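Structure first, commentary second.
Bear in mind that the values here come from a model prediction, so they are computed numbers and not experimental data. Quick note on labels: first sequence line is chain A, next is B, and so on, each numbered from 1.
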Amino acid sequence: MRIATWNVNSVRSRISRVEALVERHDIDVLALQETKARDDQWPLMGLQAMGYDVATLGFNQWNGVALVSRVGLEDVQRGFSGMPQWGEPLADEARAIGATCGGVRVWSLYVPNGRKIDDPHYVYKLDWLARLRDAAKPWLDADTALVGDWNIAPLDEDVFDMAAYAKDTHVTPPERAAFKAFLDDGYVDVVRPHTPGPGVFTYWDYYRQRFERNRGMRIDFVLGSPSLAGRVTTAFIDRDERAGQGASDHAPVVVDLD
DNA sequence: ATGGTTGGCTCCCAA
C-alpha cells in the first residue's frame with residue numbers, strides 16, 4: 001500500500017496535477033493540505049472517475065484538508081477531539097481529517113503556520129500541537145499515520161540556512177520540542193531514514209528562485225505508530241513535482257507499506 | 001531589515 005501527503009496549495013488550481021500524481025505513482029491514499037476549497041467547491045469528479053473516494057474538510061478560502069483513497073475511506077473524522085469548536089477565536093480553520101483506509105488510520109494534518117513568534121497564531125500553533133499530541137497517544141497501538149504539513153523544521157539540517165530563519169517560526173525550540181514530543185511518545189519519522197539530509201527538503205518558497213537553488217525546508221512528514229513504522233519499505237520525496245510552471249510550493253512525500 | 005511570488009478574493013490577506 002502506498003500513502004502520500006502533499007500540501008497542494010489550492011486543489012482547484014492544481015487538480016490536474018493531483019490526478020497526474022496519483023496516476024504517476026500509483027498512489028492508494030493521498031492526504032492533501034491547503035486545499036483552499038470549501039467542501040462544495042471541491043473538484044471531485046476526475047478522482048472519482050479514477051476510482052477514488054474523497055473526504056474533504058474546508059469552509060473558507062484558507063487551509064483545508066482532504067483524504068483521497070481507493071482502498072476504503074471509513075470512519076471519517078473531521079477534526080480531532082481536542083480541536084477548538086467552530087466559532088471560537090482562531091477556530092475558523094480546517095486542519096485535520098482522519099479516516100481508516102485499507103486498515104490504516106490516516107490523518108491529514110495542516111499544522112498552524114504560526115506566522116511570527118509574537119503573533120497569537122504562534123501560541124495557537126503550540127497549543128494545537130499539544131492537543132493533537134494528547135489525542136494521538138491512544139492511536140499508538142494501532143496502524144496510524146500522522147501525515148501532512150507540520151510547519152516545523154525539526155533539525156538544523158532541515159533548513160537551507162539557519163541564519164536566515166533564526167528569528168522566525170518553524171525552527172524555534174518550543175516548536176521543535178512540540179515535534180519531538182511525538183517521537184518521544186513513540187511515533188517514528190518513517191521518511192527520513194530513506195531520504196537522509198542535509199539538503200533534502202519538502203518546501204521551497206516561490207520567490208527568489210528558492211527551488212532552483214535548493215534553498216528550502218523539510219517541514220512535511222509522515223509519522224508512523226510503531227506497528228506502521230515496521231511496515232514501511234521505502235519512502236521518497238517527489239522533488240520533480242515542485243519543478244516547472246504551476247507547481248505547488250511543496251513536494252509530495254510518498255511512503256510504501258508492505 | 002527587507003523583499004520576493006503565488007492563490008483566492010476583493011480592493012489585501014495568508015503563506
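B:dT10 and B:dA14 are spaced 14 Å apart, taking the P atom of each and rounding to whole Å. If you take atom C1' in B:dC13 and the same atom in B:dC9, they sit 9 Å apart, rounded to whole Å. Between the P atoms of B:dA1 and B:dG7, the separation comes to 31 Å (whole Å).
Regarding A:Arg38, its CZ atom lies at a distance of 19 Å from the P atom of B:dG7, rounded to whole Å. Atom P of nucleotide B:dA1 and atom CD1 of A:Ile117 are separated by 13 Å, given to the nearest angstrom. Distance A:Gln209 CD to B:dT6 P: 11 Å, rounded to the nearest Å. Remark: P of B:dG4 and CZ of A:Phe160 are 16 Å apart, rounded to the nearest angstrom.
At the phosphate of B:dC9, OP1 or OP2 sits under 4.0 Å from a side-chain N or O atom of A:Arg12.
Put simply, the side chain of A:Ser225 never gets that close to the backbone of A:Asp141: no donor and acceptor are under 3.5 Å apart.
A continuous path of hydrophobic side-chain contacts links A:Ile237 to A:Val232 [ILVMFWY only; heavy atoms under 4.5 Å].
Judged purely by distance below 3.5 Å, without hydrogens or angles, the side chains of A:Thr233 and A:Asp256 never pair a donor atom with an acceptor atom. Using modelled atom types and a 3.5 Å distance limit, the side chains of A:Gln33 and A:Asp149 yield no donor-acceptor pair.
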N/O-N/O pairs, protein side and nucleotides 12-15 of chain B side, under 3.5 Å:
from: B:dA15; atom 1: OP2; to: A:Arg115; atom 2: NE; distance (Å): 2.7

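As judged by a 4.0 angstrom heavy-atom cut-off over every strand, A:Arg14 is placed among residues touching the sugar-phosphate backbone only.
A:Arg231 has a carboxylate O that lies under 4.0 Å from a charged side-chain N of A:Asp143, or vice versa, which qualifies the two as a salt bridge.
Of the candidates A:Thr35, A:Val11, A:Val18, A:Val11 is the only one forming a side-chain contact (heavy atoms from CB on, under 4.5 Å) with A:Pro43.
For A:Arg210 against B:dG4, a side-chain-to-base donor-acceptor contact under 3.5 Å is absent.
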Inset, instruction - Check the pair A:Ser248 / A:Asn9 against side-chain hydrogen bond (donor to acceptor under 3.5 Å, both in side chains), numbers first and verdict last. - result: CA-CA 6 Å; A:Ser248 168; A:Asn9 187 18; 5.0 Å; no
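Mapping A:Asp205 and A:Asn9 onto DNA chain B via the closest heavy atom, the residue that lands nearer the 5' end is A:Asp205.
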